[in-house]
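Just so you know, residue 1 is the first one in the sequence shown, and it goes up from there.
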Amino acid sequence: MENQIPVVSAVIPTRNRPELVCRAVRSVLAQTVSNLECIVVIDGPDAATVQALGEIQDSRLRVIALEENVGGCEARNLGGRAARGEWVGLLDDDDEWLPQRLEMQFAAAARSPEPATMVVSRFLDRGAKDDDLLRPHLFPRPGQHISEFLWCEVSPLGGIAGFPQTSTWLLRRDFFLAVPFTKGLKVLQDLDWLLHGYHHPAMRVVFVEEPLTIFHNDHARQRVTKRIDWQFSRDWALSNRGLFTPKALGFFLVIYCVNPAAQQGASWKEIQSLIKQIRAYGRITPKLILLGMLYLFLYPGIAKVLSPRKRASMLYHARNLVRRTG
């Protein structure tokens with residue numbers, strides 16, 4: 001392996017989760033595509049993770065142990081800059097790839113009429129009880145603005161279609177270097193990257209129907225995206241509103257700001273301020289009004305009696321039922 005240039009470099013940022021990252025690494029090393037390297041970027045001092053990874057005897061594993069914490073975005077960027085492969089496959093330390101992930105994504109890229117810069121797939125959203133949900137149920141339509149796909153495709157009951165999760169992303173390394181993750185951003189990392197990536201003229205995405213990644217979505221365990229900071233989300237969206245359509249910005253502010261603000265007990269004055277910003281910068285539609293009413297007056301009560309996973313599962317099965325009967 002030392003003298004062979006890998007075709008793909010897996011990049012896994014991690015910190016203080018040795019058991020989880022070792023599972024992620026093993027899923028990379030078990031790929032049917034063997035000409036690869038697995039780069040783990042340990043984001044700051046973490047002797048336990050260094051020791052655990054040292055027990056994996058495979059020359060394809062490379063460990064970059066940082067002396068200081070730089071955050072998940074910059075850890076990914078550092079991994080991409082260190083990569084030797086033509087492609088970079090992203091993987092969060094608490095997720096895992098299914099064995100044929102790379103093989104099927106490369107095959108999809110080869111079939112594409114245009115050179116692909118990004119290949120993504122569906123994934124299995126797995127809860128604590130191994131209750132897999134297949135996501136997403138749809139992909140962006142040709143010509144659809146990415147911001148409208150991300151937030152305007154929400155169902156009347158509040159279910160979001162969502163872009164394939166970060167651990168499904170396969171990117172050409174030169175494109176990844178041209179569009180790095182925003183350094184220092186603690187949340188909304190993947191959404192921020194997508195808005196910037198889709199605005200790049202070289203962006204060409206290929207979608208794979210099959211689920212090729214397991215997204216371990218155990219709400220009892222802390223993930224970066226577990227709790228939404230609605231004030232931060234508002235400030236981020238307004239500072240990046242040039243990357244949204246007005247319609248999408250309105251939906252984002254309702255979904256990522258009004259919804260969590262209501263559930264977290266924000267004051268009516270704060271809610272009114274959000275509504276004024278939606279009117280000033282977004283585009284009001286009947287669906288948006290209905291969604292806002294749902295989040296303000298129904299969801300806070302539901303959140304008290306149903307867990308996030310239970311709500312997600314109910315929305316998932318309700319959508320599938322509507323699709324089948326429709």
*asked:* Under 4.5 Å between side-chain heavy atoms, counting indirect links through other Ile/Leu/Val/Met/Phe/Trp/Tyr residues: same cluster for Met203 and Leu150 or not?
replied: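 Yes: a chain of side-chain contacts under 4.5 Å links Met203 to Leu150.
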Within the distance-only criterion (no hydrogens, no angle test), does the side chain of [X] pair as donor or acceptor with the backbone N or O of [Y] below 3.5 angstrom?
X	Y	answer
Trp97	Val25	no
Gln31	Leu98	yes
Gln144	Arg141	yes

*Please, which pairs that meet ring pair (Phe, Tyr, Trp, His ring centres under 6.0 Å) have at least one residue in residues 18-69, sequence neighbours excluded?*
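Found none.
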_Arg135 NZ/CZ over Phe123 ring centroid, <6.0 Å and within 45° of normal_ =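 Checked: cation-pi criterion not met.
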_Arg122 to Phe139, cation-pi by 6.0 Å centre distance and 45° axis angle_ =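 Satisfied, under 6.0 Å and within 45°.
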Could you list the donor-acceptor pairs under 3.5 angstrom formed by side chains in residues 271-291, with sequence neighbours left out?
residue : atom : partner : partner atom : Å
Thr285  : OG1  : Leu288  : N            : 3.1
Lys287  : NZ   : Cys152  : O            : 3.0
Lys287  : NZ   : Val154  : O            : 2.6

Restricting to non-hydrogen atoms, name the atom on [X] and the atom on [Y] that form the minimum distance, rounded to 0.1 Å.
X	Y	result
Gly79	Ile39	O-CD1, 3.8 Å
Ala266	Trp230	CB-CZ2, 4.0 Å
Ala75	Val41	O-CG2, 3.6 Å
Cys257	Leu253	CB-O, 2.9 Å
Ala82	Ile64	CB-CD1, 3.7 Å
Gly89	Val8	N-CG2, 4.1 Å

*Hey, what's the ring geometry for Trp87 with Phe106, parallel, tilted or perpendicular (30° and 60° as the breaks)?*
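Perpendicular: the ring planes of Trp87 and Phe106 meet at over 60°.
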What residues form a ring pair (Phe, Tyr, Trp, His ring centres under 6.0 Å) with [X], not counting sequence neighbours?
X	answer
His196	none
Phe175	His200
Trp236	Phe244, Phe252
Tyr198	none

Heavy-atom distance under 4.5 Å between the side chains of [X] and [Y], does that happen here?
X	Y	value
Ile42	Val63	yes
Arg241	Leu238	yes
Ser121	Gln105	yes
Leu53	Pro18	no

_Residues Asp132, Arg126: salt bridge by 4.0 Å N-O rule_ =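 Yes, Asp132 and Arg126 are salt-bridged.
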*Are a donor atom and an acceptor atom from the side chains of Gln165 and Asp92 found within less than 3.5 Å of each other?*
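The answer is yes; a qualifying pair exists.
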*side-chain hydrogen bond (donor to acceptor under 3.5 Å, both in side chains) contacts touching residues 62-72 (sequence neighbours left out)*: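 Output for this query lists Glu37-Arg62, Asp43-Asn69.
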*Taking only residues at least two apart or on different chains, which pairs with a member in residues 243-257 satisfy side-chain hydrogen bond (donor to acceptor under 3.5 Å, both in side chains)?*
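Of all non-adjacent pairs touching residues 243-257, those that pass side-chain hydrogen bond (donor to acceptor under 3.5 Å, both in side chains) are Glu148-Thr245.
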*Knowing that exactly one of Val119, Asp190, Thr213, Val205 qualifies, which makes a side chain to side chain contact (heavy atoms under 4.5 Å, CB included) with Trp169?*
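Of Val119, Asp190, Thr213, Val205, side chain to side chain contact (heavy atoms under 4.5 Å, CB included) with Trp169 is met by Asp190 alone.
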*With side-chain contact (heavy atoms from CB on, under 4.5 Å) as the test, would you mind laying out the steps for Arg76 and Thr166 before giving the verdict?*
CA-CA 11 Å; Arg76 286 195 184 102; Thr166 317; 4.1 Å; yes
*Residues in salt bridge (Lys or Arg N to Asp or Glu O under 4.0 Å) contact with Arg172, at least two apart in sequence or another chain*: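 Salt bridge (Lys or Arg N to Asp or Glu O under 4.0 Å) list for Arg172, sorted by chain: Glu86.
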*Can you run down the salt bridge (charged side-chain N to carboxylate O under 4.0 Å, His left out) pairs that involve residues 103-119, sequence neighbours left out, and say none if there aren't any?*
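Counting only pairs at least two positions apart or across chains, the salt bridge (charged side-chain N to carboxylate O under 4.0 Å, His left out) contacts touching residues 103-119 are Glu114-Arg204.
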*Check against side-chain hydrogen bond (donor to acceptor under 3.5 Å, both in side chains), Asp235 and Gln231*: CA-CA 6 Å; Asp235 296 343; Gln231 291 107 329; over 6 Å; no
*Among all residues two or more places apart in sequence or in another chain, which pass the side-chain hydrogen bond (donor to acceptor under 3.5 Å, both in side chains) test with Arg81?*
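Partners of Arg81 under the side-chain hydrogen bond (donor to acceptor under 3.5 Å, both in side chains) test: Glu74.
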*Among all residues two or more places apart in sequence or in another chain, which pass the side-chain hydrogen bond (donor to acceptor under 3.5 Å, both in side chains) test with Gln100?*
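For Gln100 there are no side-chain hydrogen bond (donor to acceptor under 3.5 Å, both in side chains) partners, ignoring immediate neighbours.
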